[in-house]
Amino acid sequence: MKTITQKELGIRISELRKSKGYSQDELAKLLEMSRPSLTQIELGNRNLSVIELKKIADNLSVSIDKLLSKDFQIETINIPSNDDNFKEELRISIPKLKVDKFKDILLYILEKCAGKPNVGETLLYKLLYFSDFNYYEIYEEHLTGAEYRKLPFGPVPQKIDSIINQMIEDKMIARFKTEYHGYPQTRYIPLIKPNLKNLIASEKDVIDKVIDQYSDWSASAISDYSHKDMPWLASKEGEVIDYELAFYREYPYS
DNA sequence: GCTGACCTCCGTAAACTCGG
DNA sequence: CCGAGTTTACGGAGGTCAGC
């Protein structure tokens, strides 16, 4: 088995950091280490303790497994082509990310949560998660089709970094860093209006309910709450959360 | 067990490079 | 010039090991 080198690990960390829009300085602060130390790690000149590795993985929203895996790659979005719709019709449908819908829903949530200082990146992910899973539970169809991975800070939509970066490039949203109750917070503001024509009534309804219910919660409160949700509970850390698990939910999640 | 020489690892500060 | 990242120099902390 080929193990990854220190240098490769450093490059991965560096790439992940950039994809999340952090400078070395910012990430170093989150990791509670000096900036040159992080520089050394990214250059592969400095060894990592397991504790540090865990911290890095957490802060970059990946699992340690993935960070060290042989076939690691930064997730990119492939624009779905229309000619592969015919192979649906499976009873258990495989989620397929609908990028445009995902962007619209993201814009919609950001617009509705404008002025709510608690809605940072973490809460945003959770609003997306509940929207997706609630919708699937009710209608047995995928809303955005995004896959969510179980990570220590909560469910994280896969490929979100590249979608967000694309939206920033396209001037659809802007990212800025701030502080909330003494903790660094990443926030996004919508620069354009969501295209509501892309959302049917039932979809909008589910999203609205999620926003009404959770958007005023603190990140830690919704964290505790979501960590008792069946799909979350039944998944292993680092793995993709199965949509089918939404059907095993109990009150008050169901 | 203690001590001193030596070594490695890591953090800090400052200088430097490079691109906008 | 400024900001981000890199390099360099220095020093502290801690481990190892021979010699006592």
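No experiment lies behind these values; they were computed from the predicted model shown. In the text below, chain A, chain B and the rest are named by the order of the sequence lines, each starting its count at 1.
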- Residues in salt bridge (charged side-chain N to carboxylate O under 4.0 Å, His left out) contact with D216(A), at least two apart in sequence or another chain: K116(A)
- Query: Using 4.0 Å as the upper bound for N to carboxylate O, is an ion pair formed by E147(A) and K159(A)?
  - Reply: no
- Residues in side chain to side chain contact (heavy atoms under 4.5 Å, CB included) contact with K20(A), at least two apart in sequence or another chain: Y22(A), L60(A), S61(A), E121(A), Y125(A), D161(A)
- Side-chain N or O of Q40(A) less than 4.0 angstrom from OP1 or OP2 on dT6(C)? no
- Task: Starting from P on dA4(C), measure out to CD on E42(A) and report it in whole angstrom.
- Result: 14 Å
- Message: How many whole angstroms separate atom CD1 of I13(A) from atom P of dG5(C)?
- Response: 15 Å
- Per-nucleotide protein contact along nucleotides 10-17 of chain B, 5' to 3', at a 4.0 Å heavy-atom cut-off (B base, S sugar-phosphate only, - neither), is SSB-----
- Item | Interatomic distance where CD belongs to Q24(A) and P belongs to dT7(C) [whole Å] | 11 Å
- Message: Using the side chain to side chain contact (heavy atoms under 4.5 Å, CB included) criterion, which residues pair with P36(A)? Sequence neighbours excluded.
- Response: S34(A)
- Item | Partner set under side chain to side chain donor-acceptor pair (under 3.5 Å) for E137(A), not counting sequence neighbours | R249(A), S254(A)
- Kindly write out the residues that satisfy side chain to side chain contact (heavy atoms under 4.5 Å, CB included) with D65(A), not counting sequence neighbours, or none if the list is empty. S63(A)
